[in-house]
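We name chains A, B, ... by the order of the sequence lines, and we start the count at 1 in each one.
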There are 2 protein chains.
Amino acid sequence: MSRRPRSAFPSPDHDHRGCSASAIARAETLCASRKLRFTAIRRAVLKAVWQSHSPVGAYDILAKLNAKGADHAPMAVYRALDFLLENGFIHRISSQNAFIGCPHPETEHDSQLLICRRCGTVAEIDSAPVTRALKAAAPGFAIEQRTIEISGVCPHCRSGAHA
Amino acid sequence: MSRRPRSAFPSPDHDHRGCSASAIARAETLCASRKLRFTAIRRAVLKAVWQSHSPVGAYDILAKLNAKGADHAPMAVYRALDFLLENGFIHRISSQNAFIGCPHPETEHDSQLLICRRCGTVAEIDSAPVTRALKAAAPGFAIEQRTIEISGVCPHCRSGAHA
DNA sequence: TTGGCGACGTTATAACGTAACATTATTGGA
DNA sequence: TCCAATAATGTTACGTTATAACGTCGCCAA
């Protein structure tokens, strides 16, 4: 069975409920197997992050939570974000002070984020050649963390209206 | 005449006054040739950024300026930083909300920043293989801006005390 | 010589993030 | 079962980073 080469970018008209639901279900499973507590607020924050494929700010998340009648303080959100970051369920986008769901939290991985400035969609890739090239470019330097955020225009926006 | 391969990392005991003075002198020259106004506050902010090879925050800069008796508001610093960023005299380090002087503002270039978590020193590299690998890893995506910040331990800190 | 524009001053506030300590929930062991 | 330890959350207050909006000043060119 052949697969079409999938772009890292989700189609603009894909059914997003599936992404969100699947991400949350997988987080649930992973937390169970790792003996981590997937509490209500952590779930709610993860769900808010997954409300789209665009970066979501901490205070957007807070507003979303509180719109449902809750009255959380920023700390609550930041703590949940810390948990989700530490366990690989989300990534931070430093250049935007925002967060995005990780599409494959099952395994540790490098990631390079492609951010469309037109539609806001973020795609995550993990290119071994990029990682190798970086390592080779920094001889003698012991790499620990990478922040790689590339912005530009995604394939869908390029092929659509050029307005 | 052979050159030793220079590390991108400045030696911890180099004479830093030269770096700073040269950066400012070159900015002066470049602004003149580009018909840009290198005003007093822009010069002062650039000097503050170049006070070391470590990232400097906007409010650190503000404090440094005001320590000399001035009474600037944050806006003044941010405006100067915007000017310096737009014209390539400094880079922003998103992962630290801070700024670093660019060692070669004469020409446009990609940059990848290596940040030592031990001594704080930042080295700027411009690796064509990294740029190529990224481009290849993102087919169909029109790259416009790159934020590449790698943290780890620099050669000097690795070879020094391992405490 | 004045009109336009770029730079800067000033005030206020938005947006992002954390310290410190109190309280509640969970869980594993006696 | 109940207790003690620990993890999670609540709460208050504050620190840090960044920008909006509008006024003034000064330069330079028509």
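- The side-chain tip of B/Arg43 does not point at the ring of B/Phe38 from less than 6.0 angstrom away and within 45° of straight on.
- When atom types are taken as modelled, the side chain of B/Gln51 and the backbone of B/Ala48 share a donor-acceptor pair closer than 3.5 angstrom.
- In terms of modelled atom types and a separation under 3.5 Å, the side chain of B/Glu149 and the main chain of B/Ser94 share a donor-acceptor contact.
- Counting to the nearest Å, the P atom of C/dA7 and the CG atom of B/Leu81 are 15 Å from each other.
- Applying the ring pair (Phe, Tyr, Trp, His ring centres under 6.0 Å) test to A/Phe89 and every residue at least two apart in sequence or in another chain returns nothing.
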Contact state string [nucleotides 7-21 of chain D, B base, S sugar-phosphate only, - no protein heavy atom under 4.0 Å]:
SSBBBB----BBBBB

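- Here A/His156 and A/His14 keep their ring centres 6.0 angstrom or further from each other.
- The separation between B/Phe38 atom CZ and C/dC8 atom P is 11 Å, rounded to whole Å.
- Taking atom NZ of B/Lys35 as the reference point, atom C1' of D/dC28 lies 13 Å away to the nearest angstrom.
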